Amino acid sequence: MEEPHRGIRALHTASTITVYQAYTPEIGVPAVRDGRFPSTWLRDRMTWIKPSFLWMMYRSNWGTRAGQETVLAVEITRDGFEWALRYACLSSYVRGLHPDRGTWQRDLKRAPARVQWDPERDLHLRPLPHRSLQLGLSGGASSRYADEWIVSIRDVTPLAREIRTVVNRGDLDSAAQLLPQEQRYPAGDELLAHLRP
């Protein structure tokens with residue numbers, strides 16, 4: 001099946017979707033242990049969640065980038081994720097999608113979430129032609145994420161390192177078998193029409 005130019009691929013169930021983030025061990029380790037973010041996690045700062053495992057690997061360089069050494073798989077409710085999409089604004093102005101730049105700027109300022117479409121990545125972390133969703137949560141959305149939407153938090157840093165080792169050996173088929181089995185997320189036009197340039 002051909003990939004849409006902009007789409008959401010994710011590990012998901014009937015009621016949850018898994019997103020990825022990477023933090024220092026000081027935040028990541030207690031988050032995994034307690035199933036919620038510690039008090040040192042900054043609620044007033046925008047937090048970006050990524051449904052694509054490989055995009056998170058690109059962003060964190062397989063969990064080796066400073067400040068991103070602990071890669072988390074955060075399972076959240078689909079209701080929460082879809083609420084964020086419904087009230088999100090694109091992070092950049094698009095002529096034709098937005099009435100004008102001023103309207104977009106006002107919408108962006110009020111929106112509790114924002115969306116970027118960045119090139120998806122392959123196992124060598126090279127860009128692919130289709131784009132993957134990154135969802136930024138701020139203010140009330142960030143608090144809802146931390147306090148209401150989280151179902152579980154897992155440390156997938158060992159998995160990231162294992163896949164990287166297998167890729168470096170040149171065994172891409174085996175590496176692909178280790179990846180989370182992401183499928184197209186059933187987000188209809190009512191959720192994404194205002195977010196697709």
Side-chain angles (χ1 to χ4, degrees), residues 1-23 28 30-37 41 43 46-60 63 70-90 111-123 128 130-160 162-163 175-196:
M1 192 183 309
E2 189 175 327
E3 287 293 336
H5 184 61
R6 288 178 178 82
I8 303 171
R9 289 183 61 79
L11 188 62
H12 59 86
T13 69
S15 60
T16 66
I17 179 171
T18 298
V19 295
Y20 300 94
Q21 295 192 283
Y23 289 104
V32 171
R33 181 190 65 223
D34 301 333
R36 60 187 169 78
F37 290 109
W41 187 78
R43 291 168 174 276
M46 178 159 293
T47 189
W48 288 89
I49 59 176
K50 300 150 185 67
S52 166
F53 180 82
L54 282 174
W55 208 92
M56 186 71 255
M57 295 306 97
Y58 165 71
R59 181 72 179 86
S60 68
T70 307
V71 183
L72 304 179
V74 184
E75 188 180 17
I76 63 173
T77 65
R78 280 175 57 167
D79 286 345
F81 180 71
E82 292 178 11
W83 179 91
L85 290 177
R86 206 167 280 115
Y87 293 103
C89 182
L90 276 178
R114 60 184 59 178
V115 162
Q116 289 181 190
W117 296 99
D118 295 310
E120 181 57 281
R121 300 288 157 165
D122 67 12
L123 280 162
L128 292 168
H130 56 280
R131 293 183 172 257
S132 199
L133 177 125
Q134 321 303 322
L135 183 59
L137 306 172
S138 64
S142 183
S143 293
R144 286 179 186 223
Y145 170 65
D147 298 330
E148 300 172 22
W149 303 346
I150 293 174
V151 174
S152 69
I153 302 177
R154 291 180 296 115
D155 184 352
V156 291
T157 315
L159 175 63
E162 181 183 5
I163 294 173
Q177 293 296 315
L178 294 170
L179 289 172
Q181 296 302 299
E182 296 170 358
Q183 303 292 324
R184 192 174 295 179
Y185 185 82
D189 282 346
E190 74 282 357
L191 274 179
L192 296 181
H194 67 296
L195 300 171
R196 279 192 175 131

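Since the model is a prediction, treat every value here as computed from it, not as a measurement.
Separation of atoms NE2 (His5) and NE2 (His130) is listed at 10.0 Å; rounding is to 0.5 Å. Note that the CG atom of Asp155 and the CZ atom of Arg33 stand 12.5 Å from one another [nearest 0.5 Å]. Remark: Ile8 CD1 to Glu182 CD distance equals 11.5 Å, nearest 0.5 Å.
Between Leu11 and Pro180 the shortest heavy-atom distance is CD2-CB, 4.3 Å. Summarising the geometry of Leu195 relative to Ala88, their closest heavy-atom pair is CD2-O, 3.7 Å, with the distance given to 0.1 Å. Nearest heavy-atom pair, Ala141 versus Pro112, reported as atom, atom and distance to 0.1 Å: CB-O, 3.2 Å. Across all non-hydrogen atoms, the minimal contact from Ile153 to Ala31 is CD1-O, 3.7 Å. The shortest heavy-atom contact between Tyr20 and Pro51 is CE1-O, 3.6 Å. The two residues Val115 and Leu135 have their closest heavy-atom pair at CG2-CD1, 3.7 Å.
Looking at residues two or more places apart in sequence or on another chain, you find a side-chain hydrogen bond (donor to acceptor under 3.5 Å, both in side chains) between Arg43 and Asp147. Partners of Asp79 by side-chain hydrogen bond (donor to acceptor under 3.5 Å, both in side chains), not counting sequence neighbours: none found. Scanning for side-chain hydrogen bond (donor to acceptor under 3.5 Å, both in side chains) contacts around Glu75 gives Thr16, Ser152, with sequence neighbours left out. Among residues two or more places apart in sequence or in another chain, the side-chain contact (heavy atoms from CB on, under 4.5 Å) test is passed with Gln116 by Trp48, Ser91, Asp118, Gln134. Ala22 pairs by the side-chain contact (heavy atoms from CB on, under 4.5 Å) definition with Met56, Ser60, Gln68, Val71, not counting sequence neighbours. For the side-chain contact (heavy atoms from CB on, under 4.5 Å) test, residues two or more places apart in sequence or in another chain that qualify with Arg86 are Glu82, Leu191. Residues passing the side-chain hydrogen bond (donor to acceptor under 3.5 Å, both in side chains) test with Arg59, sequence neighbours excluded: none. For His12, the ring pair (Phe, Tyr, Trp, His ring centres under 6.0 Å) partners at least two apart in sequence or on another chain are Tyr185. In this structure Asp189 satisfies the salt bridge (charged side-chain N to carboxylate O under 4.0 Å, His left out) test together with Arg196, sequence neighbours excluded. Tyr23 pairs by the side-chain contact (heavy atoms from CB on, under 4.5 Å) definition with Gln21, Ile27, Phe37, Trp41, Thr47, Leu72, not counting sequence neighbours. Under the ring pair (Phe, Tyr, Trp, His ring centres under 6.0 Å) criterion, Trp55 pairs with Tyr58, sequence neighbours left out. For Arg114, there are no salt bridge (charged side-chain N to carboxylate O under 4.0 Å, His left out) partners two or more places apart in sequence or in a different chain.
Proximity of Ile49 to Ile76: side-chain heavy atoms (C-beta onward) are separated by under 4.5 Å at one or more points. Taking 4.5 Å as the limit, some side-chain heavy atom of Leu90 sits within range of a side-chain heavy atom of Trp117. Residues Leu179 and Leu54 are in side-chain contact: their nearest non-hydrogen atoms beyond the backbone lie under 4.5 Å apart. Counting heavy atoms from C-beta on, the side chains of Leu123 and Ile163 come closer than 4.5 Å. When side chains are defined from C-beta on, Phe53 does not count as touching Thr18, because their heavy atoms never get closer than 4.5 Å. Residues Thr77 and Ile150 fail the side-chain proximity criterion, which asks for heavy atoms closer than 4.5 Å.
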Should Ser52 and Glu120 be marked as a side chain to side chain contact (heavy atoms under 4.5 Å, CB included) after you check the CA-CA gap, both sets of side-chain angles, and the distance that decides it?
-> CA-CA 8 Å; Ser52 166; Glu120 181 57 281; 2.8 Å; yes

Decide side chain to side chain contact (heavy atoms under 4.5 Å, CB included) for Leu137 and Met46; before the verdict, give the C-alpha distance in whole Å, the side-chain angles of both, and the deciding distance to 0.1 Å.
-> CA-CA 5 Å; Leu137 306 172; Met46 178 159 293; 5.8 Å; no

Check the pair Val19 / Tyr145 against side chain to side chain contact (heavy atoms under 4.5 Å, CB included), numbers first and verdict last.
-> CA-CA 11 Å; Val19 295; Tyr145 170 65; 4.2 Å; yes

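Between the side chain of Arg78 and the backbone N or O of Ser15 there is no donor-acceptor pair closer than 3.5 Å. Remark: the backbone N or O of Arg36 is not paired with any side-chain donor or acceptor of Asp34 at under 3.5 angstrom. No donor-acceptor pair closer than 3.5 Å links the side chain of Glu148 to the backbone N or O of Ala146.
Within the cation-pi definition used here (under 6.0 Å to the ring centroid, within 45° of the axis), Arg144 qualifies as a partner of Trp83.
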